[in-house]
Every structure is written in structure tokens, then in C-alpha cells.
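Reading through the C-alpha cells given below for one structure.
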Amino acid sequence: MGQYWEFFNLSKRQRMDTNGGPKWGFLQCKQGFLVRCITIPYPSPKLERHLKRLSSTPPAINNKGLLSLPDDVLLVLLELPDISLDDLAVLAVTCRRLFELSHKMIKDCNEIRSASWYGCRIVCMGDCALYEDPPPSLLNAEERAIIDAKIAQDEYPGYGGLNLLDYESTCLYRGAFTYIYSFLQKFKSDADREAFEAVVGVAFPPKRTDWVLCNFNKKEYVRASAIAKLSGKPNDAQPFLPRCRLDLGHALLTRICWSNEAPVNTPPKMKMHRGSWVGDRFCITTMERVEDIQEWKDVSSQVVKDLVQIYRKQFGKDWLEEVEGDVPAYDHAEYYWFGSDGDDRVASAGRHTRQRRPSICSLF
């Protein structure tokens with residue numbers, strides 16, 4: 001019997017459909033949203049070039065208007081709740097002083113918006129899961145009270161009761177692609193517009209080879225390089241592995257599924273539907289950015305073994321040829337989850353995706 005599976009973010013009360021439909025289909029597809037929503041970006045490569053061009057403001061101007069205020073007062077103003085990321089970015093491109101005061105706030109905002117499910121409690125729940133069955137730690141007292149109240153009103157607790165929680169819509173920040181053409185037209189010069197795009201842009205440098213999927217609760221990680229090697233493309237661009245048939249999304253799925261019925265045709269002894277990472281908190285980042293990574297456990301080998309067992313059970317010895325290696329067109333169009341928001345060669349040339357970056361005008 002097949003069942004439908006959905007991703008649930010309990011921390012933010014958000015949900016997202018899986019690619020692939022019921023039965024085992026979702027295991028056969030890349031899950032673009034799942035990967036992108038926990039991947040922490042780097043600043044746009046254009047940013048450093050912009051800073052080199054940014055000239056110092058003449059001292060006479062520094063004594064007038066906003067720039068006449070001391071740094072501690074400026075920081076208070078920049079941290080006001082009414083100041084949006086757009087406001088910060090516009091101020092940051094005006095002079096190096098304002099950029100240096102605001103760049104950490106902008107960087108944090110870009111990371112939070114781009115990796116919107118970073119550090120959140122995530123589960124891939126099957127619609128056959130029973131409310132009484134999920135791990136006790138998955139739902140807190142408030143969430144159980146909401147579900148119990150709706151059950152008392154004869155509402156059906158599908159997906160282990162998670163369907164009875166109220167959910168917000170979810171979307172991903174797309175860096176410079178987020179801003180529509182009419183907004184960018186407000187800048188008086190191409191230089192100002194390009195500076196703004198450099199500040200708000202995000203990138204996932206494909207030359208880095210130390211990208212990992214991290215479980216903060218268990219302090220365990222999976223290396224993207226191990227998944228690339230399993231897929232026969234050891235030099236593929238990390239973290240998204242666009243040429244590989246498997247990626248870190250597949251690795252995560254081996255451990256976050258929960259239901260009363262296993263996905264169709266998966267190894268019985270593995271009990272994939274009783275995932276050991278259900279409800280844990282995750283991110284995809286580089287090893288240099290993980291504090292005390294030497295104290296974490298590398299579980300890449302075990303995850304690779306599990307992936308081989310799962311797909312051999314489904315497809316036989318030639319399993320790798322049967323797994324869908326292409327990114328669904330919707331994922332590429334909606335999330336731009338390869339390379340960056342268009343500022344690096346992978347995204348702009350379409351070298352791995354076989355699709356070229358759309359121009360700003362063509363998006364609207």
C-alpha cells in the first residue's frame with residue numbers, strides 16, 4: 001500500500017509537499033526545497049569587488065547629517081525593528097562606514113531568509129502515521145493541546161496529527177532574484193543597483209569541498225563528498241551535487257521519515273519509517289563554520305550503506321541508473337537552488353543545470 005509524505009517544520013509551523021508522489025516516488029526524486037531551505041549561503045562574490053571600488057567618504061561630509069552621529073548611536077538606529085533588510089542594504093551601499101556597521105546584520109538576515117528551515121524541527125511524515133505513535137519528543141505540550149482540541153471536534157488527525165496544526169505559507173529567499181524589476185529601477189545608476197544586488201545576494205561556492213549535512217541534536221554530519229562518490233561523480237559541485245543522482249536530501253530522508261507503514265519496497269530491517277533523526281534540527285553548511293566540528297561524529301559511511309540498501313531493494317543491482325538525477329523544473333524555477341542567485345559561473349552559465357539564468361526582465 002502506498003501513502004503520501006510531506007515535510008513538516010514544527011518550529012515555524014510550515015509544511016511542504018515532497019516531490020514524487022505516493023509509494024516510493026519521493027525517494028526516487030531530488031527534493032529541491034528540502035535541500036535549499038537548510039543550506040546556509042555565503043555572501044555574493046560581487047560583494048568584495050564592490051567594497052574594493054567603494055571610496056572613502058570625504059571628511060567634510062562625515063560631519064553632517066546621519067554620518068555626524070557616533071557609531072554606537074548609528075548601531076542603535078540600524079537595529080530598530082522598523083528597519084528592514086532592504087533599508088539596511090540601501091544604507092550599506094552608500095559608504096563603507098555604514099556598510100561596516102550593518103554588514104553583520106545583513107549577513108545574518110541573508111542566512112536566515114535563505115536557509116529558512118535552518119535549525120528547525122523537521123520531519124517527513126507519512127499520511128498513515130497515527131497520532132498516538134510519533135516519538136514523545138516530536139510534539140510539545142502546546143502542539144498536543146491544539147491537536148487534542150480539534151480531535152474533540154471530530155477532526156481527523158492525519159499525518160500523525162500534524163495536519164491539525166495551523167501552518168503558515170513558506171517560501172525561500174532568492175537573494176538578488178527576490179527584488180522585482182520595478183524596485184531595482186528606483187536606483188539612479190547601474191552602479192548603485194549592482195552594489196545593492198551585491199549586498200543582498202547569496203552564493204553557494206561550488207569550489208568548496210567541505211559541505212556537510214549537520215544534525216545539531218545528535219552532533220552528527222554527512223559529507224557531500226561521500227554522496228558524490230557514491231553517485232560516481234566525486235568532483236561534482238557542492239553542496240547541491242547537480243550532476244549526481246543522489247544528494248544530501250536523499251541522505252536526510254533516510255533518517256527523518258515517520259509512519260506506521262514503511263515506504264513501499266524498502267528494507268524491512270532498516271525500518272526507514274522510524275527515522276532516528278525525526279524532529280531534530282539541521283543545516284547544510286561548510287565544516288569551517290561548524291563550531292567544534294572535531295567533536296562531532298561523521299556518519300557518512302553508514303548513510304551511504306543505508307542508501308545502497310534502500311535503492312538496491314527497490315531497483316536491483318543497477319539501482320543508480322533508475323534514480324531520478326534531474327532537478328524538477330519547478331524546483332529550479334522556484335528556488336534557484338543551484339549555485340547561487342546567479343552571481344557565480346555555475347548559475348549564470350547553466351553549466352550543470354543546462355538552464356541559463358533568466359534576466360531580471362524575463363521574470364515578470
Side-chain angles (χ1 to χ4, degrees), residues 2-40 112-131 133-135 137-140 143 147 157-173 213-218 222 239-240 246-264 266 272-284 303 307 310 324 327-328 330-332 334-337:
Q3 62 185 311
Y4 286 91
W5 298 81
E6 286 194 28
F7 299 122
F8 291 87
N9 178 341
L10 297 176
S11 300
K12 291 188 174 182
R13 299 276 179 88
Q14 296 176 343
R15 63 194 293 181
M16 180 62 66
D17 293 335
T18 58
N19 290 329
K23 297 185 178 180
W24 64 83
F26 77 110
L27 295 175
Q28 193 175 354
C29 298
K30 286 188 172 181
Q31 304 295 334
F33 175 84
L34 178 64
V35 174
R36 177 66 189 265
C37 75
I38 61 172
T39 302
I40 301 176
I112 292 171
R113 293 174 72 181
S114 185
S116 58
W117 284 20
Y118 156 68
C120 296
R121 295 181 293 140
I122 300 174
V123 58
C124 182
M125 190 70 76
D127 66 359
C128 292
L130 300 177
Y131 174 48
D133 183 57
S137 59
L138 183 64
L139 296 170
N140 59 37
E143 292 161 346
I147 295 172
Y159 292 96
L162 298 189
N163 69 311
L164 296 184
L165 295 173
D166 296 322
Y167 293 93
E168 299 177 353
S169 61
T170 179
C171 61
L172 289 178
Y173 178 63
L213 164 65
C214 298
N215 180 326
F216 291 110
N217 297 71
K218 304 289 193 302
V222 181
F240 302 121
L246 300 177
D247 62 12
L248 290 174
H250 293 89
L252 187 54
L253 281 176
T254 66
R255 279 157 168 70
I256 64 168
C257 294
W258 193 270
S259 184
N260 284 75
E261 295 184 9
V264 175
T266 52
M272 184 179 167
H273 60 303
R274 319 298 282 186
S276 59
W277 285 3
V278 166
D280 286 350
R281 303 171 187 270
F282 308 96
C283 82
I284 294 173
V303 169
L307 287 169
I310 290 168
E324 291 287 343
V327 181
Y330 176 82
D331 274 8
H332 180 81
E334 181 67 15
Y335 308 126
Y336 297 94
W337 64 291

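Being a predicted model, the structure only gives us computed values, none of them experimental. Sequential numbering from 1 along the given sequence is applied to the chain's residues.
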[atom2] on [Y] to [atom1] on [X], rounded to 0.5 Å:
X	Y	atom1	atom2	answer
Leu213	Thr39	CG	OG1	8.5 Å
Cys214	Phe282	SG	CZ	10.5 Å
Arg121	Leu139	CZ	CG	7.5 Å
Ile256	Met125	CD1	CE	10.5 Å
Lys30	Asn19	NZ	CG	11.5 Å
Cys283	Asn215	SG	CG	10.0 Å

Please give me the minimum heavy-atom distance between [X] and [Y], naming the atom from each residue.
X	Y	value
Leu138	Glu143	O-OE1, 3.9 Å
Arg274	Ser259	NH1-O, 2.7 Å
Pro134	Gly160	CG-O, 4.1 Å
Ile147	Gly161	CD1-O, 3.3 Å
Pro157	Tyr131	CB-CB, 4.0 Å
Met272	Leu253	CE-O, 3.4 Å

Hey, does [Y] have a side-chain heavy atom less than 4.5 Å from the side chain of [X]?
X	Y	answer
Ser11	Arg281	yes
Thr170	Lys12	no
Tyr4	Phe26	no
Arg255	Val222	no
Asp127	Asn163	no
Leu252	Ile122	no
Cys37	Met16	no
Leu165	Phe8	no

Query raised in the report: With respect to Arg36, which candidate in Pro239, Ser114, Ser116 satisfies the side-chain contact (heavy atoms from CB on, under 4.5 Å) definition?
Result: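 Filter result, single survivor: Ser114.
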Hey, does the side chain of [X] reach the backbone of [Y] with a donor-acceptor pair shorter than 3.5 angstrom?
X	Y	value
Asn260	Leu130	yes
Lys218	Asp280	no
Glu261	Gln3	no

Query - Pair Phe33 and Phe7, ring centroids less than 6.0 Å apart - result: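 No, the ring of Phe33 stays outside the 6.0 Å limit from the ring of Phe7, centre to centre.
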Report task. Kindly determine whether Asp133 and Trp258 satisfy side chain to side chain contact (heavy atoms under 4.5 Å, CB included), including the steps that lead there. Result -> CA-CA 9 Å; Asp133 183 57; Trp258 193 270; 3.1 Å; yes
